[in-house]
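So the structure is just underneath, and the comments pick up after that.
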Amino acid sequence: MLTSRWTRLLSVLGAIALFGSAPTLAQDIPDKPFAEAKFVLQISDMDPDKQTLVLNVAGNILKYYGPDKSDVEIVAFGPGLRLLFEGNSNTGRIKSLADSGVRFAACQNTINNMSNTLGRAVQVNPQATVVPGGIVRIKQLVDAGYTLVKP
Amino acid sequence: MSDSHQETIGENDKMRHINLAGPLAMLGALMLAAQPVHASNWLMVQGTEPDGSSDLARVWGFVQAQYQDDSSKPNAQGGYISPKTIGPNLDSQSAFNINRARIGVRGVAMPLDSKINYFVLLEMGNNGITAPGNSFAKLTDASVTFNHLKGARVRAGLFKYPGAEEGLQAIHVFDYINFTWVTNQMLLERFPNRLYTPNVAPQPLPPEVPLNGFERSVGAFRDVGVQVFDAFNFGSNWELSYAAMIGNGNGLNFSDNDDNKDVYGYLALEKIWGGAGPRREGLKFFAWLQQGKRTADLTNNFDESGNPIYDPEEYDRDRWGLGAKYLRKGWRATAEYMEGDGMIFQAPHNPSFGLGPGAGNPNNRDANGAYGKGKGFYVEGGWRIPKTGFEIDLRYDEYNRLDGARFQIDFKRTTIGAQYFFNPRVRVALNYEIREGNAPNFGPGLGPNAQVDGIDDVIAVQVTGIFSQ
């Protein structure tokens, strides 16, 4: 009995803990109830043309579905993080897309590694949200129903 | 070269704008607003890489193959001199030539650090860079740019100095085949040989003696030195650019041949309408100057044994100019005026700048290019026919060589051109040049007119192919 009670108590506490953590995840992925298309765009390549391409894809999604009916997040990690460097030559386009609702996520692990390599802190675009791990962020979004595209 | 620089006017729209509270505030704001702008701003296209989005090493280059036919007449004795023969070899009046074949690498030193970029370019074509000395290849650019200070980027090494539009622009997007008279003769520097070198007499074709008496490469509008520069966006899509440079004044040569240094200054203001790359739409006003000295033995002196004496002197070499360029909706117009004082190149067969044998008196300024002056201008325009690959071009240029001196020669040319673009990187150009020369202080057939009277038309065809990763 005692064991059973403790088991139930732990189960309740666990459920509370899970319940408590769920809103955090929900806050990380904004709810856009009218969004018909949800995309997570991955950029992890060094190639500068990929930067242009991923921004073009985001723009095309907005153009086709409209800002209110689309939900787009660009996740940058590895060499692709250069897209979100402060002062990147695409800063103007990033700002424009962000103003239209596109979100940008920068991988903290990559920032740490690049900072170690450079010997100074990597500064990222203020439009970007720093996430603990780019790949983890992608999984979160995919689990939430987003379609992963790697242009 | 610059077609990967994708910055557009739309992005410029979103750049930081400046509250013009006063001249000092404007200057300070400009410094703050320094942005990595590119497009047809040659300072930025050639000297910088896109911030955070450049390659570690981007291989690129271009090839230009051409055919030219010169219909000029010889002098009364049947002799030819430039510009009646096809350069750079000057052996004939019709020639196929691979006049440019360049390969280069550019990028950032480290992908994570866009603050430092580099530019290297090698010339392997047959032209004034490689023909003197029969070089297989010659390095034309090798520079590193430091972008750490907003408003004061620093470029060091061998590269194009800030100057006239024709010289500063990327040659593979030049809309004509040959330079204007004034650019070719007054700006494209020929460096004196170490020792006085007598003139080469007009030759029948093929010439018995090479008609080019210069031993060194042309300057190719380049110098080894240090340049401080940047570009600033302000107001409603305006861009202000500046550059200041100090260099050897010794062209493509890696080191200097004297202690004198050349100084260069450049200022440009452009209203930008849109587009990107070398054909960005805008209206640009620009002015430039360069000042330096050249050390040359132009005196025909010999010792008692008849051996030439090395007797160098210093001569000023100053150039300046201003102009404007317009490009919008397929229409292009350019005008530029230039003047030069000192070291006025006369011809490939005058390697001592016009001092002929026995006339070795540097104070004889009638024909001495070392002390001569020059001035010239060009106006040109083009129209890209909508929805076709065709463009038509028209240019008129003049150059007064040894301006104000007895041996002044006035060169005039009208160039009628057409281009067909197979795609943005491959095109063929056809030019017909109506040319004439005249020494106004002499009658027909007399003095310099004995040579220049026969200058006649040129037809030229050129294929340009650009490749880039």
Side-chain angles (χ1 to χ4, degrees), chain A residues 43-59 62-63 74 76-100 102 104 106-107 109-128 151, chain B residues 2-17 32-39 41 44-45 47-60 106-117 147-151 153 230-231 233 237 239 272 274 276-277 468-469:
Chain A
I43 178 163
S44 51
D45 294 4
M46 176 75 73
D47 186 355
D49 291 340
K50 291 292 181 68
Q51 295 187 11
T52 304
L53 185 59
V54 76
L55 297 175
N56 287 347
V57 169
L62 292 184
K63 186 177 177 183
I74 295 175
F77 63 96
L81 183 70
R82 294 200 307 161
L83 172 68
L84 298 181
F85 278 7
E86 189 176 47
N88 179 289
S89 58
N90 294 297
T91 297
R93 294 194 67 193
I94 291 170
K95 173 75 165 55
S96 177
L97 287 168
D99 289 345
S100 297
V102 175
F104 294 86
C107 173
N109 289 333
T110 305
I111 293 171
N112 293 342
N113 290 335
M114 288 183 170
S115 298
N116 288 336
T117 303
L118 271 178
R120 54 183 159 81
V122 167
Q123 302 297 320
V124 297
N125 191 315
Q127 301 293 338
Chain B
S2 55
D3 51 2
S4 69
H5 293 181
Q6 298 294 328
E7 196 154 31
T8 66
I9 191 66
E11 295 149 23
N12 289 334
D13 277 334
K14 297 171 181 63
M15 287 182 177
R16 189 181 309 178
H17 285 216
L32 290 172
Q35 295 285 345
V37 290
H38 301 284
N41 183 326
M44 305 300 287
V45 165
T48 67
E49 297 292 329
D51 202 350
S53 58
S54 53
D55 287 299
L56 184 62
R58 183 159 64 90
V59 178
W60 71 282
R106 60 184 301 179
V108 291
M110 187 178 181
L112 304 186
D113 186 359
S114 295
K115 298 294 184 186
I116 302 173
N117 56 270
N147 302 283
H148 297 80
L149 294 176
K150 284 187 175 180
R153 300 169 194 264
D230 213 334
N233 288 87
N237 295 318
E239 181 183 85
I272 304 163
S468 177
Q469 280 183 318

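Lettering of chains follows the sequences in order, A, B, ..., and the numbering in each one begins at 1. Note: hydrogens, waters and symmetry copies are ignored here, and every other heavy atom, side chains too, is used.
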| field | A:Met114, part contacting chain B, at a heavy-atom distance under 4.5 Å | value | both
Nearest-0.5 Å distance, [atom1] of residue [X] to [atom2] of residue [Y]:
X: A:Glu86; Y: B:Ser114; atom1: CD; atom2: OG; result: 12.5 Å
X: A:Met46; Y: B:Ser53; atom1: CE; atom2: OG; result: 12.0 Å
X: A:Asn90; Y: B:Asp51; atom1: CG; atom2: CG; result: 10.0 Å

| said: For A:Asp99, give me all partners under salt bridge (charged side-chain N to carboxylate O under 4.0 Å, His left out), at least two apart in sequence or on another chain. | reply: A:Lys95
| field | Pairs where residues 114-127 of chain A contributes a residue and the test side-chain hydrogen bond (donor to acceptor under 3.5 Å, both in side chains) is met, not counting sequence neighbours | value | A:Arg120-B:Asp113
